[in-house]
*Asks:* 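Quick one: structure below, then a few questions.
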Amino acid sequence: KQQDQERPRMESKEAAAAAQAEEDLLRDFERILHDDPLIDEVGFLHPTQFHSLLVDSTDKSTSQYFWCVDHKLAVSSSILPDLYRAARRAHSNATLNPSSSPSASDAALIMTHSKALLILCADLLTAWNSRKMVLSTNFNLSHLKDELRLCALILSYSPKNESTWSHRRWVIKNLAQHLQDMPELIDKESLLVKDMAEVIAHKYLLVQNFDIHSSQLMTFHLQLVAKSLQRD
């Protein structure tokens with residue numbers, strides 16, 4: 001009987017310890033993203049690959065599961081389930097009481113947790129929408145440009161992700177309402193599309209002779225950008 005009574009208590013302690021370990025991983029991940037806002041590549045490596053990277057690295061800022069040097073971030077795939085659970089839980093808690101005008105502290109938490117979550121899984125529309133809510137509260141040119149950088153980062157390893165392309169168009173449309181030099185923005189967008197097409201060709205077209213969906217996605221993106229700018 002005593003063992004039966006102790007078992008739920010032990011299981012509760014183990015669950016709490018596991019949740020704390022997940023939160024510690026998320027805190028480390030978000031600290032890296034905060035400390036280096038110019039990260040332009042992310043790789044999720046098998047533990048053996050990640051270990052080799054650590055062995056060859058002379059940078060002391062690396063950790064057991066994260067490596068970030070010269071704006072390149074590597075994450076050990078061994079922690080991805082735990083990291084994802086923690087990020088999703090943190091984002092859910094941050095958006096528990098949705099408001100059209102969140103406080104500065106609430107907005108900061110939403111942006112921090114949603115960024116980590118979207119880097120791990122870019123298909124979560126709830127996370128993208130929470131960022132739109134914060135960005136729509138007050139226009140901030142710097143924050144919108146940061147958003148373009150986040151989209152480009154995600155597209156660098158997930159170039160066919162339509163949720164990210166859609167969010168990027170939303171950002172561009174909002175920028176167009178405040179910027180005068182739109183031709184420069186369009187030129188940069190065309191270069192990004194060209195780069196993403198090359199990534200897709202390298203990743204997919206070596207296996208498939210031609211990827212019509214990818215080609216249509218890129219063309220569709222530029223057409224929608226052009227139409228939204230013309231309306232403004």
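Note that the numbering runs from 1 along the sequence shown for the chain.
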*Asks:* Could you report the tightest heavy-atom contact between A127 and S114, atom names first, then the distance?
*Replies:* O-CB, 4.0 Å

*Asks:* A quick test of your reading: do over 12 heavy atoms of other residues, nucleotides or ligands sit less than 6.0 Å from CZ of R131?
*Replies:* yes

*Asks:* Rounded to the nearest 0.5 Å, what's the gap from CD1 on I172 to CD on Q177? Could you check?
*Replies:* 12.5 Å

*Asks:* How far apart are the C-alpha atoms of L33 and D36, what are their side-chain angles, what is the distance that settles it, and do they pass the side-chain contact (heavy atoms from CB on, under 4.5 Å) test?
*Replies:* CA-CA 5 Å; L33 296 176; D36 188 355; over 6 Å; no

*Asks:* Ignoring hydrogens and angles, tell me if any N or O in the side chain of S77 forms a donor-acceptor pair with the backbone of L45 under 3.5 Å.
*Replies:* yes

*Asks:* Measure the CD-CG distance between E147 and N140 for me, rounded to the nearest 0.5 Å.
*Replies:* 11.0 Å

*Asks:* About how many Å separate SG of C121 and CG of L80, when rounded to the nearest 0.5 Å?
*Replies:* 11.0 Å

*Asks:* Looking only at side chains, do T126 and N129 share a donor and an acceptor under 3.5 Å apart?
*Replies:* no

*Asks:* Under 3.5 Å, side chain of W128 to main-chain N/O of L118, donor-acceptor pair present?
*Replies:* no

*Asks:* Test side-chain contact (heavy atoms from CB on, under 4.5 Å) on L148 and L175; report intermediate values, then the result.
*Replies:* CA-CA 10 Å; L148 290 180; L175 279 171; 3.5 Å; yes

*Asks:* With H113, which of R88, H91, E30 fulfils side chain to side chain donor-acceptor pair (under 3.5 Å)?
*Replies:* E30

*Asks:* Examine distances only and state if a side-chain atom of S166 and a backbone atom of E162 form a donor-acceptor pair shorter than 3.5 Å.
*Replies:* no

*Asks:* Write down the atom of L26, the atom of A90, and the distance for their closest heavy-atom approach.
*Replies:* CD2-CB, 3.7 Å

*Asks:* Report the distance from atom CG of N161 to atom CG of D123, rounding to the nearest 0.5 Å.
*Replies:* 4.5 Å

*Asks:* Which distance, rounded to the nearest 0.5 Å, do you find between the OG of S136 and the CH2 of W170?
*Replies:* 3.5 Å

*Asks:* Any side-chain heavy atom of Q64 within less than 4.5 Å of one from L54?
*Replies:* no

*Asks:* Any side-chain heavy atom of K115 within less than 4.5 Å of one from L150?
*Replies:* yes

*Asks:* Closest heavy-atom contact between D40 and L153?
*Replies:* C-CD1, 3.5 Å

*Asks:* Take atom CG of D70 as the centre, draw a 6.0 Å sphere, and report whether it contains more than 12 heavy atoms from other residues, nucleotides or ligands.
*Replies:* no

*Asks:* Looking only at non-hydrogen atoms, find the nearest pair between L135 and H143 and report the distance.
*Replies:* CD2-CB, 3.8 Å

*Asks:* How about D82 and R85: do any of their side-chain heavy atoms sit closer than 4.5 Å?
*Replies:* yes

*Asks:* Please tell me if the side chains of F29 and L25 come closer than 4.5 Å, counting only heavy atoms from C-beta onward.
*Replies:* no

*Asks:* Dump the intermediate steps for side-chain contact (heavy atoms from CB on, under 4.5 Å) on W67 and V75, then the final yes or no.
*Replies:* CA-CA 7 Å; W67 177 94; V75 182; over 6 Å; no

*Asks:* Going through the distances and angles, do Y65 and L83 end up as a side-chain contact (heavy atoms from CB on, under 4.5 Å)?
*Replies:* CA-CA 11 Å; Y65 302 110; L83 190 58; over 6 Å; no

*Asks:* For K72, look at atom NZ and say whether over 12 heavy atoms of other residues, nucleotides or ligands are found less than 6.0 Å away.
*Replies:* yes

*Asks:* Would you say the rings of Y157 and F44 are close, in the sense that their centroids are separated by under 6.0 Å?
*Replies:* yes

*Asks:* For V134 and P102, which heavy atoms make the closest approach, and how far apart are they?
*Replies:* CG2-CG, 4.3 Å

*Asks:* Between E22 and R89, does any side-chain N to carboxylate O distance fall below 4.0 Å?
*Replies:* yes

*Asks:* For residues A74 and L53, report the shortest heavy-atom separation together with the two atoms involved.
*Replies:* CB-CD2, 3.7 Å

*Asks:* Could you tell me the separation between the CG atom of D106 and the OG atom of S103, rounded to the nearest 0.5 Å?
*Replies:* 3.0 Å

*Asks:* Is any side-chain heavy atom of I39 closer than 4.5 Å to one of C68?
*Replies:* yes

